[in-house]
Undergrad: 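Let me give you the structure first, and then I'll get to my questions.
Residues take their numbers from the sequence shown, with the count starting at 1.
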Amino acid sequence: MEIIEVPSGHTPEGGVLVGSEGARRRLVVFEDPQCPYCREFETVSGDLLRREVAAGAVAVEYRIRSFLGDESVRAANALAVAAEAGRFDELRRELFANQPPEQSGGFSTKDLLDLGSHAGLTSPDYVTAVQEGRYETWVREIDQVFDEQDPDGTPSAVLDGRPVDSKTLYDPDRLGALIRD
């Protein structure tokens, strides 16, 4: 039986928490780094979520999916390493800002090293972990768990255990009101 290396910096459920554990609300967001709808969600509502996190109104737990191919697996591996280094959200934002077309061979090792550098990830450990695909087995396995939790695909979100309507995700006013409610 293969022993699977599990990255640190993750919740017991396998997500990455951005914000305070003691925040008033908890938003669980399912995203795939290759998903163009997830990029749109980040573009439209990312600033709102960062403001609400900074205000302590919500903590966001990102559960990174990797079902859109090898590009997603490579990117999710890099995000797992970034979480260990405390730079998860910085890399996540870089990935969406520079997202290649699906199934294009994008998010190559070189791409992930360059984007990591932009996000402040230059340590030898980050470089080695990306080059070796340190957490790719874990990434694939946790995606199977997330698939059961996220049957409708990405992006999707659950606020304090209740699903958030997909239209609300793309409407910062409605999403903000829901978080502050």
Side-chain angles (χ1 to χ4, degrees), residues 9 15-20 23 25-83 85-108 110-121 130 139 143 146-147 149-160 162-181:
V16 177
L17 190 66
V18 175
S20 169
R25 313 290 302 267
R26 171 80 57 109
L27 183 69
V28 174
V29 175
F30 294 91
E31 293 180 329
D32 186 307
Q34 270 282 266
C35 168
Y37 302 107
C38 297
R39 180 187 64 224
E40 182 183 346
F41 169 61
E42 169 61 24
T43 300
V44 172
S45 295
D47 287 342
L48 163 84
L49 289 179
R50 281 183 283 285
R51 283 193 306 271
E52 295 298 332
V53 164
V58 69
V60 181
E61 181 182 341
Y62 290 97
R63 296 187 184 173
I64 300 300
R65 303 288 316 273
S66 59
F67 62 91
L68 291 174
D70 291 340
E71 296 95 332
S72 294
V73 172
R74 286 191 297 268
N77 173 69
L79 285 166
V81 179
R87 311 269 325 151
F88 169 83
D89 201 43
E90 292 86 347
L91 181 59
R92 188 185 142 278
R93 290 162 66 185
E94 285 291 329
L95 293 178
F96 283 129
N98 297 282
Q99 185 185 71
E102 287 179 61
Q103 308 294 322
S104 67
F107 289 145
S108 67
K110 181 184 181 326
D111 295 338
L112 294 167
L113 294 176
D114 291 346
L115 294 171
S117 179
H118 291 211
L121 292 158
V130 169
V139 161
D143 187 62
F146 292 162
D147 188 49
Q149 299 171 3
D150 175 40
D152 298 326
T154 57
S156 68
V158 178
L159 181 64
D160 295 335
R162 299 182 65 186
V164 177
D165 175 70
S166 63
K167 288 184 178 84
T168 301
L169 293 178
Y170 297 100
D171 184 336
D173 293 334
R174 284 174 57 191
L175 182 58
L178 184 66
I179 288 169
R180 292 184 296 271
D181 185 22

Undergrad: Quick one: which residue pairs count as a salt bridge (charged side-chain N to carboxylate O under 4.0 Å, His left out) with a foot in residues 91-100, not counting sequence neighbours?
TA: Glu31-Arg92, Glu42-Arg92, Asp89-Arg92
Undergrad: How about Pro100 and Gln34: do any of their side-chain heavy atoms sit closer than 4.5 Å?
TA: yes
Undergrad: Heavy atoms only: give me the nearest Leu169-Ala157 pair and the separation to one decimal.
TA: CD2-CB, 3.6 Å
Undergrad: Between Ser117 and Leu113, is there a donor-acceptor pair closer than 3.5 Å when you use the side chain of the first and the backbone of the second?
TA: no
Undergrad: With Tyr62, which residues qualify under ring pair (Phe, Tyr, Trp, His ring centres under 6.0 Å), at least two apart?
TA: Phe88
Undergrad: Which pairs of donor and acceptor atoms, one on a side chain in residues 172-181, lie under 3.5 Å apart (sequence neighbours left out)?
TA:
residue, atom, partner, partner atom, Å
Arg174, NH2, Thr168, OG1, 3.0
Arg180, NH1, Glu52, OE2, 2.4

Undergrad: Keeping the roles fixed (side chain from Thr154, backbone from Phe30), state whether a donor-acceptor pair exists under 3.5 Å.
TA: no
Undergrad: Would you call Val164 and Val158 a side-chain contact if the rule is heavy atoms closer than 4.5 Å?
TA: no
Undergrad: What pairs of residues pass the side-chain hydrogen bond (donor to acceptor under 3.5 Å, both in side chains) test when at least one of them lies in residues 70-81, not counting sequence neighbours?
TA: Asp32-Ser72
Undergrad: Given side chains that start at C-beta, do those of Arg50 and Val18 come closer than 4.5 Å, heavy atoms only?
TA: no
Undergrad: Do Ile64 and Val16 come close enough that some side-chain heavy atom pair is under 4.5 Å?
TA: no
Undergrad: Could you tell me whether Tyr37 atom OH has more than 12 heavy atoms of other residues or ligands within 6.0 Å of it?
TA: no
Undergrad: Just jot down the side chain to side chain donor-acceptor pair (under 3.5 Å) partners of Asp171, sequence neighbours excluded, or say none.
TA: none
Undergrad: Report the residues that fulfil side-chain contact (heavy atoms from CB on, under 4.5 Å) with Glu61, sequence neighbours left out, ordered by chain and then residue number.
TA: Thr11, Glu13, Leu17, Arg26, Val28, Arg63
Undergrad: Ser108 and Asp111: side-chain donor and acceptor closer than 3.5 Å?
TA: yes
Undergrad: Roughly how far, to the nearest 0.5 Å, is the CG atom of Leu115 from the CG atom of Leu121?
TA: 10.5 Å
Undergrad: Charged N to carboxylate O under 4.0 angstrom, Asp47 versus Arg51?
TA: no
Undergrad: Hey, does the side chain of Gln99 reach the backbone of Pro33 with a donor-acceptor pair shorter than 3.5 angstrom?
TA: yes
